[in-house]
Amino acid sequence: MFDPIAQTISDQHLNLDYSVQLTVRRLDQIHPNISGNKFFKLKYNFIEAQRLGFKKILTFGGAYSNHIAATAYAAQFFGFESMGIIRGEELANKTYNPTLKLAQQMGMDLKFVSRENYKLKQDPEFNQQLQVEYPDSYIIPEGGTNGLAIQGCQEILNPHDYTQYDVICCAVGTGGTIAGIIESSAPKQHILGFSALKGDFLKQDIQQWTQRTNWSLTDAYCCGGYAKTTPELLCFIENIEQQFQLPLEHIYTGKMFYGVFDLISKHYFAENTRILLIHSGGLQGRLQKISINQK
Ligand SMILES: *Cc1c(COP(=O)(O)O)cnc(C)c1O
């Protein structure tokens with residue numbers, strides 16, 4: 001895909017008074033719409049779709065999905081048609097939010113399905129049926145996680161990083177990105193994932209993609225669940241943005257940073273630990289409604 005752009009990825013060093021060293025890999029700067037980890041997840045899928053002669057890309061997502069936005073944009077860029085199966089029948093007749101508007105502008109054909117039907121997307125039989133129904137379509141699973149996505153995410157780290165960083169932190173949704181990072185890490189590095197949603201099932205999902213054990217996952221900073229927030233989280237994000245000119249969003253990267261800073265304050269990391277934070281992008285979703293989690 002556009003590797004020349006990926007090569008311009010910059011690292012930002014955060015100067016703190018603490019005894020750890022923090023560096024941010026700004027994957028958010030790859031592209032405004034095909035941003036962050038989604039660039040790496042789509043790269044080999046698009047190459048494969050092209051190789052196999054598919055004309056259309058078909059994928060799934062929620063109404064605020066960064067994956068939908070990135071896929072719609074990449075499909076148009078590379079001359080594919082695209083179709084997005086979106087969770088929530090009720091959205092069909094509503095004004096589109098900015099993510100869906102962007103997808104539509106990029107020519108994505110949006111199909112809205114009920115939450116029940118949407119759940120079928122993981123069922124292999126349903127997917128076979130879908131392939132029969134749309135023979136011209138290359139199907140990418142929800143969130144874009146498959147073997148080729150993980151292959152792409154192995155390019156987020158480079159060999160130079162093996163000796164530069166002790167701990168690598170990233171946000172976790174489906175687990176594809178962290179799986180790629182784990183697979184490409186050095187054995188003595190530790191990969192720490194911050195789950196954007198509640199639950200232990202993600203550990204098993206990640207284990208399906210990697211045999212390595214130099215990683216751990218916490219959902220302690222998910223703020224109640226996927227896309228939920230707390231006033232503390234929003235305040236934290238604002239402070240980070242002001243202090244470091246570092247834009248974050250509240251679904252993934254904000255929670256990861258929130259967790260890292262909390263762990264630092266609790267002296268979780270040994271002194272002089274060199275930490276690399278993967279800024280996985282997602283800023284297209286930042287303009288949108290924020291729902292405060294009221295307990
Ligand atoms: C999709 C997304 C993630 C989660 O990636 P997974 O591979 O699904 O774990 C993390 N951060 C951002 C900004 C995302 O858009």
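Nothing fancy with the numbering, it's 1 onward along the sequence. Atoms within a ligand are numbered from 1 in the order they appear, just like the ligands themselves.
- Ring geometry for F46 versus F80: interplanar angle over 60°, hence perpendicular rather than tilted (30 to 60°).
- The line from OH of Y165 to CG of L22 is 10.5 Å long, rounded to the nearest 0.5 Å.
- Here S82 contributes atom OG and K55 contributes atom NZ; the two are 15.5 Å apart, rounded to the nearest 0.5 Å.
- Numbered from 1 in the order shown, with element, the atoms of ligand 1 that lie under 4.0 Å from a heavy atom of V172 read 9 (O).
- Ion pair E142/K119 not flagged as a salt bridge, since none of the NZ, NE, NH1 or NH2 atoms sits closer than 4.0 Å to an Asp/Glu carboxylate oxygen.
- For the pair K111 and Y134, the cation-pi criterion (under 6.0 Å, within 45° of the ring axis) is not fulfilled.
- Using a 30° and 60° split on the angle between ring planes, Y118 and F60 fall in the perpendicular class, above 60°.
- Taking atom 3 (C) of ligand 1 as the reference point, the nearest protein heavy-atom neighbour is N37 ND2, 3.2 Å.
- When only non-hydrogen protein atoms are considered, atom 2 (C) of ligand 1 lies nearest to K38 NZ, 2.4 Å.
- Checked by distance only, ligand 1 and T174 come closer than 3.5 Å through their nitrogen or oxygen atoms.
- Under a 4.0 Å criterion applied to the non-hydrogen atoms of N66, ligand 1 contributes the atoms 14 (C), 15 (O).
- The aromatic ring centroids of F194 and F261 lie 6.0 Å or more from each other.
- Within the structure, the closest approach of G281 to ligand 1 falls below 4.0 Å when heavy atoms are considered.
- For atom 4 (C) of ligand 1, the nearest protein heavy atom (residue, atom name, distance) is G173 N, 3.4 Å.
- Distances from atom 7 (O) of ligand 1 to the heavy atoms of M256, E249, Q284, K41 put K41 nearest.
- Ranking the protein heavy atoms by distance from atom 11 (N) of ligand 1 puts S280 OG, 2.7 Å first.
- For H279 (side chain) and L248 (main-chain N/O), no donor-acceptor pair under 3.5 Å exists by modelled atom type.
- Considering both main-chain and side-chain atoms, G175 comes within under 3.5 Å of ligand 1 through a nitrogen or oxygen pair.
- Within the listing of ligand 1, atoms 13 (C) sit less than 4.0 angstrom from a heavy atom of G282.
- Note on ligand 1: I178 sits outside its first shell, no heavy atom being nearer than 4.0 Å.
- Ligand 1 has no nitrogen or oxygen under 3.5 angstrom from a nitrogen or oxygen of Y252.
- A perpendicular orientation is assigned to the rings of Y252 and Y226, their planes being inclined by more than 60° (bins at 30° and 60°).
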